[in-house]
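Note sheet for the following structure.
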Amino acid sequence: MNQKRNSLYIFSLTLVAAIGGLLFGYDTAVISGAEKSVQAYLITSLDLGTLAHGATISSALIGCIIGGLISGYFASAFGRKKSLIIAAVLFFISALGSGYPEFLLFQQGEPSIALLFVFNLYRIIGGVGVGLASAITPMYIGEIAPADIRGKMVSFNQFMIIFGMLVVYFVNWGIANGQTVEWINDIGWRYMFASEAIPALMFAILLFFVPETPRYLVLKREDSKAIQVLAKINGSEEAKIILRDIKNTYSLTKERADSVKLFSYGKLVIIIGIMLSVFQQFVGINVALYYAPRIFESMGAAKDASMIQTIVMGLINVVFTVVAILTVDKWGRKPLLITGSIGMAIGMFGVASLAFADIIGISTLIFIIIYTASFMMSWGPICWVLIAEIFPNKIRGQAVAVAVAAQWAANYFISSTYPMMMEFSGGLTYGFYGVMSILSAVFVWIWVPETKGKTLEYMDSFWIKKAGDKRNVS
């Protein structure tokens with residue numbers, strides 16, 4: 001252990017970057033409180049149907065996919081820090097624009113198709129911010145944090161995502177509490193969206209006080225700046241060793257660092273990154289998060305009871321994300337993922353069995369809690385940890401972009417197919433998520449390498465050996 005490590009500085013950088021995770025959670029959950037008001041103002045008043053309603057509520061996901069796809073270009077062209085600043089600006093614009101879409105162009109209180117289009121445009125802009133932040137925040141933290149605590153630091157980003165969701169639930173409740181439905185439908189929903197401008201502005205300001213990552217600085221041949229950052233994090237002697245290792249990774253392949261191709265280290269690492277993202281969504285977690293009240297209501301719970309059970313799930317999310325933070329650098333990534341997959345399978349197969357038997361009660365809630373807790377201590381945070389650290393330095397920006405875009409596409413697919421699947425068979429729906437949980441465990445066991453305690457530079461040589469492509473090795 002390096003006694004000269006500046007732990008407070010490392011955590012400060014992590015905390016600032018993880019505000020991107022908080023905004024990720026805030027932006028994706030803010031619609032929950034405003035959904036009915038947006039429907040009344042922009043859908044029902046225009047005599048539009050469920051298709052327009054669904055497209056409006058999920059429009060931010062389109063932006064998330066776009067943001068994920070372009071994150072690699074932004075991270076490579078502008079750097080990790082500047083890309084996060086761009087994401088913060090997009091969050092800010094989206095917050096104010098979604099809250100007051102009539103700005104300059106329309107008259108408040110006069111909904112129209114054009115206004116609906118502009119509202120969705122602002123939500124897509126926010127989604128692009130989410131896509132950028134979801135890719136670049138863990139990348140930034142992973143490139144700053146020392147190897148032995150990297151898992152804990154990147155996992156903190158997942159905690160901030162969940163925390164952001166909880167914050168916006170309370171913000172929405174605070175705005176609506178004691179107000180009439182008419183006021184909420186006229187004004188309240190605007191405050192809900194606009195409230196995101198506060199953490200977005202704070203994020204943008206704080207980012208000016210953090211450095212660029214040393215890996216990106218070396219990539220841009222700014223070694224003097226890189227050594228300064230490394231020395232402040234690790235101490236001067238350790239910094240020299242780390243800088244040498246980073247520079248060595250950029251000479252492992254014949255391509256220049258700024259022109260290296262995505263598959264220079266073989267296809268396997270890219271496939272593993274994509275499949276990690278796909279499995280994180282195909283196990284059905286966002287169905288549990290997005291549709292929790294409906295799930296409980298469909299199981300026979302009264303509306304108030306279903307909301308209480310949803311809050312219980314929110315607390316479970318926080319507690320077991322903390323479990324992951326405390327154990328990821330002790331137990332390793334693979335044991336946590338496999339354990340989580342088994343727990344998720346037990347939970348989902350339990351819910352499926354009860355659904356087939358038409359049994360509804362506390363046992364159903366217990367199995368859902370088992371499922372959610374298992375996800376939050378494993379696939380929730382650890383998938384982001386692996387995406388941040390599994391890819392070689394030269395292709396990290398491009399590879400993370402591909403993995404994150406795949407994750408948002410899988411999210412959209414699973415979320416949009418859930419109602420149709422449930423209409424066909426609830427038991428088969430939850431059984432499908434259980435099967436995906438089992439397959440995710442098999443996938444991790446066979447293909448995913450353990451990265452606990454490994455430096456990011458180690459992964460470069462690891463994947464070159466795996467690829468066995470001597471033509472790229474200098």
Side-chain angles (χ1 to χ4, degrees), residues 24 28 58 61-72 127 130-131 133-135 138-139 154 157-158 161 262-263 265-291 324 333-334 336-345 347-348 371-372 374-391 395-396 398-418 420-421 428-449 451 463:
F24 170 172
T28 53
S58 61
L61 281 175
I62 297 172
C64 294
I65 297 172
I66 295 171
L69 284 171
I70 65 175
S71 65
V130 171
S134 65
M139 189 190 308
V154 177
N157 181 57
Q158 175 70 17
I161 294 172
L262 181 63
F263 296 113
Y265 294 81
K267 295 180 180 178
L268 181 61
V269 61
I270 306 301
I271 293 172
I272 289 175
I274 291 173
M275 292 308 297
L276 281 167
S277 292
V278 170
F279 272 121
Q280 192 202 43
Q281 298 303 316
F282 270 50
V283 295
I285 186 59
N286 278 317
V287 166
L289 294 179
Y290 295 162
Y291 295 97
R333 285 57 160 156
K334 291 186 69 167
L336 278 176
L337 287 178
I338 293 172
T339 301
S341 292
I342 294 170
M344 289 188 299
M348 276 301 176
Y371 166 80
T372 306
S374 299
F375 179 88
M376 290 301 166
M377 65 166 283
S378 59
W379 281 87
I382 308 305
C383 179
W384 292 112
V385 172
L386 283 168
I387 287 175
E389 66 187 8
I390 200 172
F391 300 116
I395 64 168
R396 184 170 297 115
Q398 302 174 63
V400 168
V402 171
V404 170
Q407 187 169 118
W408 284 111
N411 180 340
Y412 184 81
F413 175 80
I414 288 296
S415 301
S416 61
T417 57
Y418 171 75
M420 177 184 66
M421 292 173 67
L428 287 177
T429 299
Y430 298 120
F432 171 79
Y433 301 140
V435 170
M436 289 297 107
S437 299
I438 293 294
L439 291 178
S440 69
V442 174
F443 164 72
V444 171
W445 180 44
I446 297 176
W447 283 291
V448 177
T451 55
W463 290 115

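Quick caveat: nothing in here was measured; it's all calculated off a predicted structure.
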About how many Å separate [atom2] of [Y] and [atom1] of [X], when rounded to the nearest 0.5 Å?
X: Met275; Y: Cys383; atom1: CE; atom2: SG; answer: 11.0 Å
X: Gln281; Y: Ile414; atom1: CD; atom2: CD1; answer: 8.0 Å
X: Leu268; Y: Trp463; atom1: CG; atom2: CH2; answer: 4.5 Å

Could you report the tightest heavy-atom contact between [X] and [Y], atom names first, then the distance?
X: Phe375; Y: Pro381; result: O-CD, 4.1 Å
X: Val404; Y: Ser134; result: CG1-OG, 3.4 Å
X: Leu262; Y: Val402; result: CD2-CG2, 4.1 Å

Min side-chain heavy-atom separation Ile395-Ile270 under 4.5 Å | yes
Is there side-chain contact between Val283 and Met348, with heavy atoms separated by less than 4.5 Å?
-> no
Under 4.0 Å between a Lys/Arg side-chain N and an Asp/Glu carboxylate O for Arg396 and Glu389?
-> no
Tell me, please, which residues at least two apart from Ser58 pass side chain to side chain contact (heavy atoms under 4.5 Å, CB included).
->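 Result, side chain to side chain contact (heavy atoms under 4.5 Å, CB included) vs Ser58: Leu61, Tyr412.
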Under 3.5 Å, which donor-acceptor pairs link side chains of residues 433-443 to any protein atom two or more places apart or in another chain?
from   : atom 1 : to     : atom 2 : distance (Å)
Ser437 : OG     : Tyr433 : O      : 2.9
Ser440 : OG     : Ser341 : OG     : 2.8
Ser440 : OG     : Ser437 : O      : 2.5

Does a donor on one side chain sit under 3.5 Å from an acceptor on the other, for Trp408 and Ser277?
-> no
